> 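What follows is a single structure, and I will ask about it in a moment.
Just so you know, these numbers use all the heavy atoms, side chains as well, and skip hydrogens, waters and symmetry mates. From a predicted model like this one, the values you see are computed outputs, not experimental measurements.
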Amino acid sequence: MVSGMSFVEPIIIFGVGIAAGVGGTAVLRRGPRFHIGRDAAQWLAFLLVLAWAVLLGTLAVLKQLAFHTGAYDLGIFDQMIWNSAQGRLFENSVMADSPSFLGHHFSPILIVLVPLYWVYPNPAALLAAQALLLALAGLPIFWMARDSLRSPGLALAVLLAYLLHPATAYIALFDFHEVAFAPLLLALALYLLLRQRYLLFGIALGVAFLVKEDIGLVGAATGMFIAFFQRHRLAGLGLAVGGIVWTLLLVRYVIPSFHPSGEYYFSALYANLGGTPREVLVNILRHPDSVLAQMLTSNKQAYLLQMLAPLGALPLLGWPVLIIGLPAVLSLLLSANLPPDLIQYQYSASILPPLLVACVLGLRLLRERTIARWPGVVPGLGLFVVTTAILSAYLYGPLPLARRFTPENYRQAPRLEAVRQLIAQIPPQASVIAQSDLVPQLSHRSVIQLFNFADPALHPDYYLIDMDPKASRFPIQQDDDRSYLKGITRVTSDAEYRLVADREGYLLFKRGAVDVGQRVGVTFGDQITLEGYSLANRQISPGGKLRLTLYLRATRKLAANYSLFAQLLDDTGKLWGQHDGYPTTEYLPTSDWEPGRVLRADWEVPVAPDAPAGAFHLLIGLYDLTTMQRLPLGNGDFERQGDAIVLHVPRPSERRSDG
């Protein structure tokens, strides 16, 4: 169940809103009357929309400049639209599983943004466009409220409630998403529907169908509203059937045709309910209790409260319109694979317009039922709406002065200058694998993928990695050190790559020819080949360390995790130093080695403090730690001792060293 604090905050918001509305009404009734004309309200609406677009657009761009955007999703959309501007329509490499964005979502409306990249190809252009699209959605909401409530001032209060709604701000500040088009198109369609401008309504809704595949279900729900609440049965049911068929065609046939797997990728979000829409429906009907429990988890209840609280729960009074947002709400409630704080993501985009329309209808109902008894109720309703909107924006929203505002997201750390210099070293045609917050800085290229989420077959020209513990590890959990270090080890151990720059914790690796040092070419157990080795120190010292690099290659996929030993012996066979362990550390055991790829293992063998001067040799071998069974040496022209190869090293110097 939702926590007590989650209930308390909406109650406080509602209570303070009522107090403001009642108290404000009493004050206004005794003082001079304020009246906002229709034209003045229209200009104020334009100014509010423009100011909001500038504020949120600026914050979004600052967040990008501070490297606090990610591969998912700004990097995806930036690269895809940049590719489309180059004539490679909808091509994408960030989502490694599909070469076309259409293999994930059907969003042809994004083509309208391509000319923007002909003029200014920069992620900032997308972020500014998104803020403007979201802000413009406020205008049809304002017009609807003005016409329905017959009060320009109250309509401005509704507009302010939309602009201050935490969900609206979060959509603008969470990277970029195609659903940024949805609020404007759906709000415009609903405004035209209520004005009975059916042809224009159909055009607006039809364009909205091009935003994303699930908008068809919103259209279907709109059809149900038309059929049962506007009494246009035939047209409404026709739209409902058409919307469902449209979404099913996209999900079952169109989108899978662009995906290599031939399946709809996001069906996994509902895998807990079934593998097909039919199975999902059957499981919902068979197990309603468990489905209901999943729908009403604490985070989802909190989300519903956070959506309603900014509007003072007024949408519940205009409940018939809420049916239009029901598909989007159910898609969130039924999924078991969503982040905890849902309001911070883009999922609310198609919910906001019907929510605001329901709010307007709720206000109209209150006005009609109370104005005869309380003639001054309209200003009171406006104060109620504005108060709940401001309080919710403070408690739940990301805007400046709000409780959740994070100034660090918009400040550029001094170390960013170092990574910008490294990025400048990477040629624009080079393929790159980088961490999430670095991808949007590099996505104007044909091939870029996400570190630890890349195609295993991709051998990029460059790796760019941020070793700062606070750096984004997405898609790895931030506290999952093992998985993160495993990914780092894959890069640092790969003999095909060399470190070309290390600045302020940023590492730049470049692909080049593999140099295995002094070639050996001996195979252990027909599984692992020692291609060669090199010594870092030409002389070893008593009490010091023998530093060597081994170049190893798995000949095939390995089932076991082998350990490697290195023993330093004199001519009599006496042991003067030894080191055992995983060849490439525990984070990359041999069972995870990619066959055919040469790995670099940097080792240090401690030398005994009393090691004498004389000739030394090093024994190298591999064994299974669980059975202690050594891997047998294959045939070849090399010196061997049992199941170990013999490598000769320089004799120790007379001077002792601490290593």
> Looking only at side-chain N and O atoms, does His104 offer a donor or acceptor that is under 3.5 Å from a partner on Asp97?
yes

> Is there side-chain contact between Phe174 and Gln344, with heavy atoms separated by less than 4.5 Å?
no

> Supply the atom-to-atom distance Ile141 CD1 to Leu356 CG, rounded to the nearest 0.5 angstrom.
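Ile141 CD1 to Leu356 CG: 4.0 Å, rounded to 0.5 Å.
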
> Go through the steps for Asp147 and Arg364 under the test salt bridge (Lys or Arg N to Asp or Glu O under 4.0 Å), then give the verdict.
CA-CA 10 Å; Asp147 296 345; Arg364 186 173 70 180; over 6 Å; no

> With a 4.5 Å limit on heavy-atom distance, are the side chains of Tyr198 and His232 in contact?
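Contact flag for Tyr198/His232 side chains = yes.
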
> Is any NZ, NE, NH1 or NH2 atom of the basic residue among Glu9 and Arg403 found under 4.0 Å from an Asp or Glu carboxylate oxygen of the other?
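Yes, this pair counts.
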
> Measuring centre to centre across the rings, with the benzene-like ring taken for any Trp, is Tyr162 within less than 6.0 Å of Trp52?
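They do not qualify: ring centres at least 6.0 Å apart.
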
> Please determine, by modelled atom types, if Ser348 and Tyr303 share a side-chain donor-acceptor pair under 3.5 angstrom.
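Judged by distance alone, the side chains do pair up.
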
> Can you check whether Trp246 reaches Glu213 side chain to side chain, under 4.5 Å on heavy atoms?
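When only atoms from C-beta onward are counted, Glu213 and Trp246 do not touch, as no gap falls below 4.5 Å.
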
> Could you tell me whether the side chain of Leu194 reaches within less than 4.5 Å of the side chain of Gln230, counting heavy atoms only?
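Touching, per the 4.5 Å side-chain cut-off.
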
> Quick check: Tyr117 with Trp82 (ring centres under 6.0 Å apart)?
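Ring-ring flag for Trp82/Tyr117: false, centres at least 6.0 Å apart.
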
> Spell out, as yes or no, whether a donor-acceptor pair under 3.5 Å connects the side chain of Lys212 to the backbone of Phe106.
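Such a contact is absent between Lys212 side chain and Phe106 backbone.
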
> So do the side chains of Ile343 and Asp341 get within less than 4.5 Å of each other, counting heavy atoms only?
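The answer is yes; the side chains approach within 4.5 Å.
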
> For His177 and Tyr345, which I'm curious about, is there any donor-acceptor pair between the side chains at under 3.5 Å?
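No - no donor-acceptor pair under 3.5 Å links their side chains.
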
> Which class fits the ring pair Phe474 and Tyr72: parallel under 30°, tilted 30 to 60°, perpendicular over 60°?
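It falls in the tilted class, 30° to 60°.
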
> For a side-chain contact (heavy atoms from CB on, under 4.5 Å) with Ser107, tell me which candidate from Phe181, Phe90, Phe101 qualifies.
Phe101

> For the ring pair Tyr396 and Tyr170, is the centre-to-centre distance below 6.0 Å?
no

> Decide whether His105 and Glu178 meet the rule of one side-chain donor and one side-chain acceptor closer than 3.5 Å.
no

> Out of curiosity, Thr222 OG1 to Leu217 CG, how far, rounded to the nearest 0.5 Å?
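These two atoms lie 10.5 Å from each other.
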
> Considering only heavy atoms from C-beta outward, does the side chain of Phe176 approach that of Leu110 to under 4.5 Å?
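Touching, per the 4.5 Å side-chain cut-off.
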
